[in-house]
Number of protein chains: 2
Amino acid sequence: MTLKEIAKLANVSQGTVDRVVHERGRVSPKTREKILKILKEVNYQPNIYARGLVLNKSYTIAALLPEFEEGEYWELPTVGVLKAARELGHFGINLEILAFDQNSVSSFAEQANQVLKMKPDGVIIAPVINFEAIKLATKLKELKIPFNIIDSRLDIEGALSFVGQDAFQSGKLAAKLLSAEIQGSGIISIISIKNNENHNKTLQKRIDGFKSYFYDSELLSNITLKEHDIDERSKDWITTLSNACSRPNTRGIFVPSSKVHYVARVLEEKQMDIKLVGHDLITNNMEYVKKGVIDYIIGQRPEHQGYIALDDFYKSLIGKTQVTGFKYLPLDIVTKENLMYYHSDLLGIKS
Amino acid sequence: MTLKEIAKLANVSQGTVDRVVHERGRVSPKTREKILKILKEVNYQPNIYARGLVLNKSYTIAALLPEFEEGEYWELPTVGVLKAARELGHFGINLEILAFDQNSVSSFAEQANQVLKMKPDGVIIAPVINFEAIKLATKLKELKIPFNIIDSRLDIEGALSFVGQDAFQSGKLAAKLLSAEIQGSGIISIISIKNNENHNKTLQKRIDGFKSYFYDSELLSNITLKEHDIDERSKDWITTLSNACSRPNTRGIFVPSSKVHYVARVLEEKQMDIKLVGHDLITNNMEYVKKGVIDYIIGQRPEHQGYIALDDFYKSLIGKTQVTGFKYLPLDIVTKENLMYYHSDLLGIKS
DNA sequence: TTGTATGCGTTATCAT
DNA sequence: ATGATAACGCATACAA
């Protein structure tokens with residue numbers, strides 16, 4: 001049903017109906033009521049094509065994402081936003097990616113400044129550098145530029161949406177799987193591999209979740225947890241890693257990040273029969289899952305995160321629908337037997 | 001860049017450019033080349049709003065789906081197509097659901113006839129009644145009405161797309177999980193619960209996949225597989241089921257369908273410590289996963305299947321993009337620790 | 001072979 | 001307070 005038809009039904013002009021639809025006043029209460037009634041009766045839905053045509057607005061969304069090498073974790077969310085950008089470009093959503101160096105606070109700050117300078121209609125923030133992200137978000141709030149947060153939470157109110165993971169729960173899930181694999185007893189090593197000084201909240205939450213699984217149960221009597229922190233920047237880190245893996249009686253290893261493939265390589269080379277659980281379905285990890293060296297990978301759909309982040313702006317700016325705040329994506333359990341379909345799913349993303 | 005602007009660049013009229021864009025001929029080769037060149041240079045993308053407005057076409061898609069009670073499996077794909085219909089209605093995609101009785105061949109045939117009568121622009125088929133589905137698909141091919149297949153494969157060429165699961169692989173995955181849970185030894189029961197005479201291909205493939213996991217490995221020496229077929233229509237089937245569960249030394253049970261909650265109830269009532277793996281995240285099953293009675297549910301994203309099935313018609317009919325043939329959705333492993341996020345994911349679907 | 005004109009449904013502006 | 005009308009970009013029928 002079109003405005004014109006409704007106007008005829010109400011014996012008024014199209015303009016009047018339009019004023020009622022958009023609540024712009026300047027309509028007598030009587031006719032307003034009459035039109036409102038008809039609108040409800042016929043369940044008027046504006047034609048989005050006509051609306052899109054006449055408004056012909058286009059919006060620029062800035063995405064502040066970490067730089068990455070091919071095959072690294074942050075490639076995945078980036079692929080997701082790019083895919084969304086390709087689809088939504090037709091609808092007037094334009095994407096501008098600003099990449100920063102994860103290990104450089106100043107790099108983030110610099111790109112954040114760029115963001116402010118370009119006065120975008122929305123901003124997607126990967127809050128890898130927590131404190132700086134909060135500063136940016138605060139400024140955006142002042143400027144009334146909507147923003148949303150991707151990957152990990154940020155302690156700030158007022159974001160359009162958050163799309164990410166429940167890191168604590170994913171650690172807990174890892175613990176459950178590893179514990180079943182080692183049949184509930186033995187030594188488990190938690191190996192964190194880092195290459196900078198930043199405090200990584202996600203990593204820590206995963207470890208907390210992992211431990212909590214054992215503390216909450218009576219399993220701990222048969223399980224010993226050991227923690228290893230390894231710095232990729234030290235020259236003999238591979239040896240340190242190797243030693244950590246070779247600790248006697250180690251039955252299982254948990255790596256709270258995508259760097260689990262480094263551990264897998266050690267296990268494979270040394271042919272050690274240790275159960276291994278890690279995070280994120282990056283290419284390197286997939287290879288080791290396929291071979292059975294990594295027993296389980298926990299995924300959090302990073303491409304979908306990227307996709308949804310941009311799609312939320314589309315929904316909010318163009319669709320004018322209410323976008324709901326928190327979106328924790330499912331924690332996918334990926335193993336040799338179902339890897340193939342997660343792999344091909346990445347290509348489709350939305351679907 | 002608009003047609004008008006391009007026309008100006010080429011010193012021709014809008015109509016001429018349009019004829020080139022749509023390859024409708026009646027343009028001299030010379031001007032054609034000139035325009036083609038410009039089109040490529042500026043990477044002309046038609047404004048979808050304007051196009052949608054002027055074409056103002058709407059398409060009706062018929063979906064032939066099984067009837068269901070609340071909480072049953074087929075509710076989920078139905079929810080998915082309905083969700084898609086709500087979103088795509090704005091773009092001119094209308095959905096007509098025709099529900100048939102899964103246990104009645106004539107009911108399917110009758111609804112299939114309805115489908116043919118209404119001459120839809122596309123058909124979504126749930127090939128639960130295999131032979132009849134093939135008959136329908138054949139007729140649709142003759143009539144050149146595009147169709148796609150949802151849930152399980154159909155042995156016929158020419159579908160727009162197939163969206164479903166790899167049933168064999170999902171059985172295999174179930175075997176891997178169950179085998180880890182029972183630590184590689186003991187008796188495993190495979191319990192099929194049916195309520196009709198139809199040969200259920202999906203069930204059989206899952207069972208085949210399940211067995212293959214053991215046959216392919218050396219595990220079988222420590223594992224004994226027992227199969228139980230239970231008919232829900234027999235008056236004492238609950239007793240039969242109960243007996244099947246109570247078989248001595250049973251360490252694990254596999255149910256190749258969504259009816260795993262029946263088994264869970266027995267295990268809970270009798271407080272039996274048997275590991276349990278089944279399929280499909282229907283409400284009843286979720287409850288038992290939460291309680292830890294069902295250890296793993298393997299999901300196949302039925303809502304997404306429904307969503308994608310309709311979305312494929314949108315892409316093909318309106319977006320005029322090529323829709324790719326086979327889509328096996330990921331086999332999700334759902335357990336107590338990650339259930340919550342799969343649950344909430346159902347609400348979003350697309351995202 | 002080419003150009004022109006009309007209309008799709010909505011928004012927004014300008015008269016009345 | 002209300003009505004009339006132009007414009008958005010495209011497809012198409014018709015005129016030249």
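What you see is a predicted model; the values in this text were computed from it and never measured. Each chain gets a letter, A, B and so on, in the order the sequences are listed, and its residues count up from 1.
- Note on ring orientation: taking the six-membered ring where Trp is involved, the planes of Phe326(B) and Phe162(B) are tilted (angle from 30° to 60°).
- Within residues 29-36 of chain B, no residue is approached by DNA chain D to less than 4.0 Å at the level of any non-hydrogen atom.
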Give each protein N/O atom lying under 3.5 Å from an N/O atom of nucleotides 7-9 of chain D, with the pair distance.
unit_1, atom_1, unit_2, atom_2, d
dC8(D), O2, Val54(A), N, 3.4
dG9(D), OP1, Asn56(A), ND2, 3.4
dG9(D), N2, Ala50(B), O, 3.4

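- Note on Val12(B): only backbone sugar-phosphate atoms sit closer than 4.0 angstrom, heavy atoms only; bases stay farther off.
- Separating the CD atom of Gln14(A) from the C1' atom of dA1(D) is a distance of 17 Å, rounded to the nearest angstrom.
- Of all nucleotides listed (dT2(D), dT4(C), dA12(C)), dT2(D) comes nearest to the side chain of Arg19(A).
- A side-chain donor from one of Tyr307(A) and Glu87(A) sits under 3.5 Å from a side-chain acceptor of the other.
- Under 3.5 Å, the side chains of Asp151(A) and Tyr73(A) contain a donor-acceptor pair of N or O atoms.
- Residues in residues 12-24 of chain B take part in these salt bridge (charged side-chain N to carboxylate O under 4.0 Å, His left out) pairs, two or more places apart or across chains: Asp18(B)-Arg24(B), Glu23(B)-Arg32(B).
- For the pair Gln14(A) (side chain) and Leu3(A) (backbone), a donor-acceptor distance under 3.5 Å is absent.
- Below 30°, between 30° and 60°, or above 60°: for Phe91(A) and Tyr314(A) the angle between ring planes is between 30° and 60°, a tilted geometry.
- The interatomic distance linking Lys57(B) (NZ) with dT12(D) (C1') rounds to 12 Å, in whole Å.
- Proximity note for Arg26(A) (side chain, C-beta onward) versus dT12(D), dT2(D), dT4(C): the nearest is dT2(D).
- Applying the 4.0 Å criterion to OP1 and OP2 of dA12(C), one finds that Arg24(A) has a side-chain N or O inside that range.
- Between the side chains of Asp312(B) and Ser161(B), a donor-acceptor pair is found at a separation under 3.5 Å.
- Taking CG of Asn94(A) as the start and OG1 of Thr60(A) as the end, the distance is 5.0 Å to the nearest 0.5 Å.
- Regarding contacts with the backbone of dG3(D), a side-chain N or O of Thr16(A) is found under 4.0 angstrom from either OP1 or OP2.
- In the model, Glu5(B) has a side-chain atom that pairs as donor or acceptor with a side-chain atom of Thr2(B) under 3.5 Å.
- Going from atom CD of Glu5(A) over to atom C1' of dT10(C) covers 13 Å, rounded to whole Å.
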